[in-house]
Each structure stands twice: as structure tokens, then as C-alpha cells.
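Each chain gets a letter, A, B and so on, in the order the sequences are listed, and its residues count up from 1. Bear in mind that the values here come from a model prediction, so they are computed numbers and not experimental data.
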Amino acid sequence: MAKKKPSKTKRAKRRTAPAKAAKKKAVQKNKKRKASVKGSASRRSAAKKSKRAAVKSKAPKVGRSKPRQASQSASRPASPRPAGATAPRYYITTAISYPNGAPHIGHAYEAIATDAIARFMRLDGYDTYFLTGTDEHGIKMLQTANREGVTPRDLVARNVPRFQAMVERLNCSNDDFIRTTDERHVRSSQAIWQRMAKNGDIYLSKYSGWYSVRDEAYYDEAETRVAENGVRLGPQGTPVEWVEEESYFFKLSAYQDKLLALYKNVPDFVLPKERLNEVASFVKRGLQDLSISRTTFDWGIPVPGKADVGKAKHIMYVWVDALTNYITAVGFPDTNDPKFKRYWPADLHVIGKDIVRFHAVYWPAFLMSAGVAVPRRIFSHGFLFNRGEKMSKSLGNVVDPFGLADAYGVDQLRYFLLREIPFGQDGHYSHEAIVNRINADLANDLGNLAQRSLSMIGKQRGGVLPQPGAFSDNDRAILAAADAMIGKARDAMKTQQLHQVLNAVWAVVADANRYFAGEAPWALAKTDPQRQGTVLYVTAEAIRQVAILAQPFVPTAAAKLLDLLAIPVGARSFAALGAAHRIAPQTALPAPAAVFPRYIEPEVAAT
RNA sequence: GGCGGGGUAGCUCAGUUGGUUAGAGCAGCGGAAUCAUAAUCCGGAGGUCGGGGGUUCAAAUCCCUCCCCCGCUACCA
């Protein structure tokens, strides 16, 4: 996922190093079907690396960056929105992406996962509001623009559309795409600032430390050393000088107890759980006040009011500006806005593990100071690592979201990322792993099952779904397994275990294949047509439920499959699952067509 | 350095209030079937459960210790 901006506190530590690399491990292979029943999941520890990366300390804002994506798209195939005034509401967000470059797979992963959750909740009857967007201010943006000889505004105008296009390409169903350069966000940020100031939590002081012009970073004195010639050098070997800059500070230190109380009262405020433990221990050690403005550059939101102290013109530094996007989108500062009243506090902020602290510490503290409710949950996902270089060999640019989508298909990419990686843990992707999932789970297991059963109905049943006879024990068993999916899915979704949802659904696909092979309807065609009809009916019903539950993950293909089963668009929500809504017999079905094509290695041309 | 998590089949993992022959998926091997997207089904094989001690009638599961990996954090220079 992504990370965001760095933080800094007065002297901050430097850390610049980006993440490291990946671990090792090998690849996996697999082909055939997979699907196991129990699930496995384990999310346990997510390993990860990243830590450094995040903070930096440079002078002014600096960039955040990374993850998330956004955009609102209009496409969103299946996934009707129930909404309705009486429906429970669900507000979910991704972190906003830092568009100082092109979107990468980390942004795509976060967008896809968040979209799957949003679609799931919608299908389950929640009036869901899904937000994503871009975090456009900061010194990194300014530096990138300068390097390229354009203005920050030009840079943003050029890059943001790519993020919007990515979200659309990935078939994300976001309801809004916020940009921190939106006028609404400027007002919102200034409003929350004033609320915090009014509460007595903002004061003017000095942000100082050993600053390296070359590194554009502040260092702790301990990180510096004096060279033989008397020049003090930073860890990178560059000269540093003592700099004091006027800055506004937020009294984060005053929120230690309140934050600890929050973590204690809401044990699942941060998931996976290990992350909350880390955050809590960090807070317990004591919090320093936070520098929240800068005067050395101006690409940011101006600090409101009498902010211009002396000659210095302050702009907000990163976090206040960035985090506030979540309330801006629902109408803040107008707390009477219908959207604000309905959707805030957010139910879930999906973010990268590198920015957990900012969301679990700063954000709730800002909100408490401003007198606004805190979000209900922060879910931190892991990082993705490309295992091996095989991917780029014959596929060229596959590491970028658009390239991956072109090479494998959007549904296939979504399925792979959400099924292969326990949500919350780091994951690896490789061409082999993706192809295995596509062919084994999608093409062989589900696609082939649908194809063989539906084509049988087409060829031997005149395209009409048979009227079933009395159900046998085997019939009842597979139907019961299908009926039980939604319960398992909801259970897994309570803690965003997306891979477990898919695990439960595909376990039924495996059951259905065993059932189909065991009943051998192709043989029954000659010996017992009535019984064959029952088997085909039961199989179609199982596929129907699988397809409905697969919609959040593979929206386009699932919709296509439901079309093949002639399921009305209005009967595709989770409310249609279970024994009370069996597929209607004697319905004319359209001619079957492949829903999940098998991935065939492109001809290597080659020499 | 402190705290926390983890080292189980080729790969990804599940399994710990201790107890029959340690499980799944994928890969691999063999067989069946032939409706289907060279897909499906079945079966065997495959593991000193990181190493070493210990407790116990019995330990992957408990205790001690060592090695390695990862995360948060601290500090040393």
C-alpha cells in the first residue's frame, strides 16, 4: 500500500531510505484447482519492512506519497447499490495517493481491496460511500515540478488524471474522488485547523535542528558528526547547519491518555491487531508535539486567520491537510451536511502499514481536538513484492497497474491479489503465481464448471434450466454448502479477511466439481434424464450463489456468469442468497460462453 | 538492547487446554473418466514439525537454551 507522507517532529530523524527489498521465499506454483476448505488464513504476522521510509524530516512538508489511488469511476458493473434511507450506512476510504509520479501496483492493490470491501457491503445491504483521491500538496510535489520545469499545478494536472484513470481501469466503484487541491478541501482544512486552535491545541514555536541543504532533511544531533576540517556532517556525509524555523505546533502530547483510552475501548480500532499493539506501545512512551506548518515553501494550504505571524507565511504541513480529506468529502466543515451526518464517522480507513501511526495517532487526536468523532477502524494492509523478474520479460511493463490489467485482465488481477495474499500481510506476486491462480481457480475450477454444466443444459436440455426432482443427500449437501457461504463470508468480512471470503467461496466451487463428477450427469442423460435434470439444476444453483458472492471481487465476470444463469439484475444482492431464493427452474438460459478464459502464454516470438 | 511475531511436506500455509498412522491447497507421480476452457475426479508418495536439552506414560504442542527471519522501539558509537 502505500505510504504517505513523512512525519516529522521537530528534529525528526531522517530516514530516507525507502523500503528495502523483498524477502526471499520462493515462488509457488500451483495449478489445478485449489480451493481448500478450511481456510487458512492466518494472517498472523505480516512481516514487512518498511519502517524507514516513512518519516523523513526534512524541512517542510515533504512528501508522503505512495499508495492508494482513487477516482470515481462510473463503471462498476454489477454491484447494485441498495442504499435506501433505512439501510445501515458504511463509509470506507483508501488513503489518498501522492501523485508525484505514476500510480504503481501498491496503489492498485489498495484500491482493489477497498473496492472489494465496498462492493461487498453494498451487496450486503449497506448504504455505502467509498472515497479515494489524491494528496497533492507538499515539498516533494514542488521539487518534482521544479525538476521537470513545470509548476506544481501543472504537475498535478498531468499526474492526477492517471490516478483517476487507474481507479477506473481497475473497476473501482468509488463514489467520490477527492483532491486536496479542491477548493472544498482548502476550506475544510482551514476549518479543522481553526477548531483545533480554538481548543487551544495549536501554538507557535520553532522547529529546529541540524539541516542538510543537500539532503533537504533535518537530523538529530546524534546522527551528525564533526569532520576533521571542523564541518559538521549528516549521516549521508553532507554538511549540515543549525536551522530554526518558525512553525505552528499541535499539542499532540496532550492526547496521550485519550488515545490510550481509545485503543483500550476499541480493541479493533486498528487491524491487524499487531499493529494496534505497536501503536499503543509507541503512544505509551510519550508523545511529542507535532510541527504542523512550514514557511519555507508555499505549495500547500495557507494556515488560516491571523496565521501570518511576522513575515512568515505558513502553510499546513502534510498531515492536517492530508488526513482531513476524509471529512472534507462528506461535507465538512458543514457538519449539518446530510452526507456528514449520515456517513461520518467513517467505518473504515484502508491504508498501508507504513502510515498506521498517522492514522491511528495523529488523526484521532486532531479529530478529538476539533470535536469531531473519530473513525471506527483503521485497517493496515501489507506491501507487495515482485518475486523474480520474470514478469517483465515477455510482458514488458506489467508491473504498472495498467500493464497488469492489460496482460491478465482486471478481474483476474483483482482475484489474484485478494485471494493470494492474506489481507493485512505482505505479499508476493509473479507472473507464475498470477497465471496459476487465473488458470487453476478461475478457468479450471469455476469457469470450466460453469461451462460444462451450462453447455449441457444448452445441448441436452434445449437451453432450459431443468425442473429438479426430489433432492438426494448429495444434492442437499452441496446446496447446504452453498447456503453456508454467506455466513462464512460475513464472518470473515467482519475483520476484512478478504482472502478468507474467497477461500470459503472457492471451497464450494471445489465441492461442486466433486459433486458434478460424482453424479456424472453426462451418463445420466441416457439412463435417467430426470435425475440429470436435478443434478444440473443443483449445479446451477450452486454456481448462482458462488457468482453472487464473487461479485465484489470479479465484478465483470461475475455479472457475466449471472447473465448466463438468467439471474435478474435485481436478484443479485446477498439478500438473494440461500434456500429461500433458489434459481428459478424452467428458465430459458442464453447460450453459454466462457467467463474466465484460460491464460495462454503469448507466443514468444522470438528469434 | 528491550518488547512482540515467526521458523511444520518442493511451494504457500493450517494445526498448540500435550494423546491414535502431523493436515490442506498447489506442484509432482499413478489411475479413472471424457459432459467441459488439454478442463474434471480418485489414489500413493512426500515432513528429524529450526538445533540441542528437559518435564511427562505421551510434545509440533509445556519449560530451558541456542541459531535464523521479520516488526515496533531504544541506544551505542
Side-chain angles (χ1 to χ4, degrees), chain A residues 13 19-20 22-52 54 220 222-225 235 272-286 353-354 356-357 360 380 382-383 387 419-422 425-428 430 432-433 435-461 499-500 502-503 506-507 509-526 532 535-536 539 592-600:
Chain A
K13 331 166 133 239
K20 10 183 92 182
K23 9 183 97 201
K24 41 173 137 240
K25 299 198 150 191
V27 189
Q28 52 215 67
K29 31 280 295 352
N30 345 333
K31 284 179 170 187
K32 304 185 156 208
R33 47 65 200 312
K34 82 268 306 30
S36 54
V37 184
K38 57 251 310 2
S40 70
S42 64
R43 50 304 276 310
R44 46 174 89 240
S45 62
K48 324 20 222 334
K49 24 203 71 257
S50 81
K51 63 170 52 183
R52 22 276 314 334
D220 277 321
E223 298 179 290
T224 66
R225 61 197 165 79
K273 192 110 192 283
E274 313 86 80
R275 296 266 164 271
L276 177 61
N277 294 335
E278 291 173 0
V279 168
S281 66
F282 169 77
V283 173
K284 277 177 193 159
R285 273 186 284 276
K353 65 183 184 182
D354 55 324
V356 168
R357 184 178 302 172
S380 134
F383 294 155
R387 194 183 292 186
R419 175 66 183 80
E420 184 88 358
I421 306 165
Q425 295 189 210
D426 282 350
H428 294 83
S430 66
E432 290 77 8
V435 170
N436 282 342
R437 281 295 179 188
I438 290 175
N439 290 344
D441 295 19
L442 301 180
N444 298 353
D445 275 5
L446 180 54
N448 184 54
L449 174 63
Q451 184 67 24
R452 66 200 302 208
S453 57
L454 292 176
S455 78
M456 201 173 286
I457 290 172
K459 293 174 184 173
Q460 302 178 0
R461 291 291 174 157
H499 59 295
Q500 290 290 42
L502 288 171
N503 201 39
W506 255 260
V509 173
D511 287 341
N513 265 312
R514 274 188 284 278
Y515 165 81
F516 198 80
E519 299 299 324
W522 53 90
L524 292 172
K526 299 164 187 167
Q532 182 207 29
V535 171
L536 292 174
T539 300
V595 174
F596 292 109
R598 188 177 174 71
Y599 179 87
I600 304 298

For A/Ala523, check side-chain contact (heavy atoms from CB on, under 4.5 Å) against everything at least two apart and list the hits. A/Ala520

Expressed in angstrom and rounded to an integer, what is the separation of A/Phe383 atom CZ from B/rC70 atom C1'? 13 Å

Could you work out the separation of B/rA58 and B/rG46 based on their C1' atoms and round it to a whole Å? 26 Å

Return the nearest nucleotide to the side chain of A/Arg452; candidates are B/rC13, B/rC41, B/rU40. B/rU40

Going by a 90° cut-off around 0, is B/rG44 syn or anti? syn

Would you confirm whether A/Asn448, through its side chain, and A/Ala443, through its main-chain N or O, come within 3.5 Å as a donor-acceptor pair? no

Just by distance, do the side chain of A/Asn439 and the backbone of A/Arg598 share a donor-acceptor pair under 3.5 Å? no

side-chain contact (heavy atoms from CB on, under 4.5 Å) involving A/Leu524 - partner list, sequence neighbours excluded: A/Thr527, A/Asp528, A/Arg531, A/Gln532, A/Val535

Provide the Watson-Crick or G-U wobble partner of B/rU34, both distances under 3.5 Å; none if there is no partner. none

Only pairs at least two apart or in different chains count here, so list each salt bridge (Lys or Arg N to Asp or Glu O under 4.0 Å) that has a residue in residues 447-459 of chain A. none

N/O donor-acceptor pairs under 3.5 Å from side chains in residues 279-286 of chain A, not counting sequence neighbours:
{"unit_1": "A/Ser281", "atom_1": "OG", "unit_2": "A/Asn277", "atom_2": "O", "d": "3.4"}
{"unit_1": "A/Ser281", "atom_1": "OG", "unit_2": "A/Glu278", "atom_2": "O", "d": "2.9"}

Only pairs with both distances under 3.5 Å count, Watson-Crick or wobble alike; so what is the partner of B/rG4 in this structure? B/rC70

Indicate whether OP1 or OP2 belonging to B/rA36 is found under 4.0 Å from a side-chain N or O atom of A/Lys459. yes

Partner nucleotide, any strand, of B/rG25 [Watson-Crick/G-U, under 3.5 Å]: B/rC11

From B/rC13, B/rA39, B/rC42, pick the nucleotide closest to the side chain of A/Asn448? B/rA39

How would you label the contact of A/Val279 with the nucleic acid (heavy atoms, under 4.0 Å): base, sugar-phosphate, or nothing? nothing

Side chain of A/Gln425, heavy atoms from C-beta onward: which of B/rU37, B/rC35, B/rC13 has the nearest atom to it? B/rC13

Measuring only the C1' atom in each nucleotide, how far is B/rU48 from B/rA22? A whole number of Å is fine. 13 Å

Close residues, residues 515-524 of chain A, relative to RNA chain B [heavy-atom separation under 4.0 Å]: A/Phe516, A/Ala517, A/Trp522

Ignoring hydrogens and geometry, is there a side-chain-to-backbone donor-acceptor pair from A/Asn513 to A/Asp445 under 3.5 Å? yes

